[in-house]
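Remarks on the structure that follows.
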Amino acid sequence: MKPPSSSPQLHWLERAQGAVLPLISANIFCCCKGGTPEFSSYSRTGVFEGLCNGADPREMTAEGGRQTFDTSWQPSACGDKTSRLEALYHDLIERLMQVENEINKKRVWSESVDTRLQFLESCHRQRAVSDHDKRQETSNPDPPYQEGHRSYQEAFPGGLTQKELQEKEEYKKLKEKIKDLEARNKELLSKVMAMHKHSENMNDPLRLSAVLQMYEMLRLREWEKLRSSTASHLSYKTGSSIIKKLFDACEKDIQQRTMNIFEVLDIPPSNDAMTDSKQGMMQEIRNIFRCSYYQNHAEFYSKIVMQADVDPKTAIQRQFTLQCCKIYCLLLLQDPPVKAAWNLQETSLQYLEHVDKKDREHWRKPAFLWPIMKCGKQVIVKGVVWDEK
């Protein structure tokens, strides 16, 4: 087995073999002629010292051979010496082979360590590039592939392709879920806003539900108190006429006060370009008027009663007329306003009820006692009718 000449250790082995073989051959030759050369410790030691000092093994062999032949010899058997030399030769060869095996093992171990280091460096680069790509996807969703990403794909073909495809599919699914959630959120938000339009501040004494409760008490308790206090029992026709005159006077009063404010602000009433701004101003005006009309006393509403050409005779009649004006003004000043509808021909019978609780088949020529209350086109309170005779 001849080791490669490129390794320094193997080159040393070749030199050692070249030094020992001629020496052994010379001694064998002498033994065959009948001589018994004796290897002195000096000659053997000189050979190995020369090798360790870097001298040429062949020169050391020649010198050692001369020193050996100059030594006196003793007659001995040729075969015994030959066997000893052969044993020494084989022992040396075995030692050299052991050294060669150790060198080969160290070389294999060194190559294995280098391979592992390269593998770890490759894994580190792959992980670094993968973390960088993930940060880019998080900061900028669905970005175009950059040059670094393409070079990474070329350097590691097929390494993370399947993983990236899975991540892309998951990203698409998440994007679709986000779209669905946004659509659902918009739908719920629109429902909440629609509910908010009908919501009220329960701490506000002028909220619509509170004013409607006042109106209900006016129709039931105050009206019955008025009819029972009158000696001649106020008729439905007279009562309907009084109520309609008072309600019309309330509408005119609020309209006139609003027009006065527009004149002070120099806003023409017929200017269509100011429609949006006028609507916003109307909301503010209603809020101011609502507080003012709620806090004002009998003198304020007495002027409206006078404008309606109604002359109450008794204190109960005066109290009823003032309550009619105050409550209806508060209905008109809601946002949006609630107004009375007196047109019976344009009204469905389902929004009417009889003052005497009669069934519809028993109605005879019905007429309004209390009008229908509407907020836009929506019916807020049903109307009350009576039978004209």
Side-chain angles (χ1 to χ4, degrees), residues 186-219 243-265 267-296 300-301 304 307-308 322-348 350-353 368-384:
K186 289 181 180 178
E187 182 180 357
L188 293 175
L189 184 61
S190 62
K191 290 181 180 180
V192 170
M193 293 301 293
M195 293 173 62
H196 179 69
K197 292 180 180 179
H198 302 288
S199 64
E200 293 180 329
N201 182 8
M202 300 304 294
N203 296 323
D204 183 10
L206 303 180
R207 63 186 184 275
L208 178 60
S209 60
V211 179
L212 289 176
Q213 187 175 3
M214 295 179 191
Y215 180 70
E216 189 69 17
M217 295 301 294
L218 176 68
R219 290 198 313 170
I243 294 170
K244 190 174 186 309
K245 289 180 179 180
L246 292 172
F247 284 4
D248 291 342
C250 292
E251 292 180 4
K252 291 179 180 179
D253 183 79
I254 293 176
Q255 185 178 3
Q256 185 61 43
R257 292 178 186 274
T258 305
M259 294 298 298
N260 293 337
I261 293 177
F262 285 154
E263 289 179 1
V264 171
L265 297 176
I267 299 176
S270 60
N271 191 354
D272 296 335
M274 298 296 291
T275 301
D276 295 337
S277 61
K278 283 175 66 175
Q279 289 180 355
M281 292 180 63
M282 283 299 300
Q283 293 179 358
E284 298 296 331
I285 292 172
R286 290 193 194 102
N287 292 333
I288 296 172
F289 279 179
R290 188 163 60 245
C291 295
S292 176
Y293 276 71
Y294 179 73
Q295 294 174 358
N296 281 322
F300 178 81
Y301 293 104
I304 300 177
Q307 293 174 1
L322 295 177
Q323 287 291 325
C324 281
C325 293
K326 182 177 182 178
I327 293 172
Y328 187 59
C329 285
L330 293 177
L331 287 173
L332 290 173
L333 294 173
Q334 296 293 318
D335 188 21
V338 177
K339 292 184 178 182
W342 294 90
N343 193 342
L344 189 61
Q345 284 73 21
E346 297 178 359
T347 304
S348 175
Q350 62 178 340
Y351 299 121
L352 299 176
E353 58 185 8
F368 273 120
L369 176 61
W370 293 95
I372 295 175
M373 292 295 176
K374 287 185 176 182
C375 180
K377 294 182 179 181
Q378 182 183 4
V379 176
I380 303 298
V381 181
K382 291 182 177 181
V384 179

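For the single chain, residues carry numbers from 1 onward in sequence order.
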For this session: May I ask you to decide whether D248 forms a salt bridge with K244, counting only side-chain N to carboxylate O separations under 4.0 Å?
Result: yes

Let me confirm one number: the [atom1]-[atom2] distance from [X] to [Y], rounded to the nearest 0.5 Å.
X: K382; Y: S348; atom1: NZ; atom2: OG; result: 9.5 Å
X: I327; Y: L218; atom1: CD1; atom2: CG; result: 4.5 Å
X: M259; Y: Q255; atom1: CE; atom2: CD; result: 7.0 Å
X: Y215; Y: M373; atom1: OH; atom2: CE; result: 3.5 Å
X: I380; Y: L208; atom1: CD1; atom2: CG; result: 6.5 Å
X: L212; Y: L330; atom1: CG; atom2: CG; result: 11.0 Å

Determine the minimum heavy-atom distance between [X] and [Y], stating which atoms define it.
X: F300; Y: R257; value: CE1-NH2, 3.1 Å
X: P371; Y: F368; value: CA-CD2, 4.0 Å
X: F289; Y: I254; value: CE1-O, 4.3 Å
X: F247; Y: C324; value: CE1-O, 3.9 Å
X: A210; Y: P205; value: CB-O, 3.5 Å
X: C325; Y: I304; value: SG-CG2, 3.9 Å

Do [X] and [Y] touch side chain to side chain, with heavy atoms closer than 4.5 Å?
X: V381; Y: R219; value: yes
X: T258; Y: M282; value: yes
X: Y328; Y: L246; value: no

Exercise. Without hydrogens or angle criteria, can the side chains of Q323 and Y301 be said to hold a donor-acceptor pair below 3.5 Å?
Worked result: no

For this session: Answer with yes or no whether the side chains of N260 and Q256 bring together a donor and an acceptor at under 3.5 Å.
Result: yes

Exercise. Going through the distances and angles, do I372 and L352 end up as a side chain to side chain contact (heavy atoms under 4.5 Å, CB included)?
Worked result: CA-CA 8 Å; I372 295 175; L352 299 176; 3.9 Å; yes

For this session: Could you give me the CA-CA distance, side-chain angles and deciding distance for I285 and I261, then say whether side chain to side chain contact (heavy atoms under 4.5 Å, CB included) is met?
Result: CA-CA 9 Å; I285 292 172; I261 293 177; 4.0 Å; yes

Exercise. Hey, is CD on Q213 packed in by over 12 heavy atoms from elsewhere, all under 6.0 Å?
Worked result: no

Exercise. Given R207 and M202, is the side chain to side chain contact (heavy atoms under 4.5 Å, CB included) satisfied, shown in steps?
Worked result: CA-CA 7 Å; R207 63 186 184 275; M202 300 304 294; 3.8 Å; yes

Exercise. Do side-chain atoms of R290 reach the backbone of L333 as a donor and acceptor pair under 3.5 angstrom?
Worked result: yes

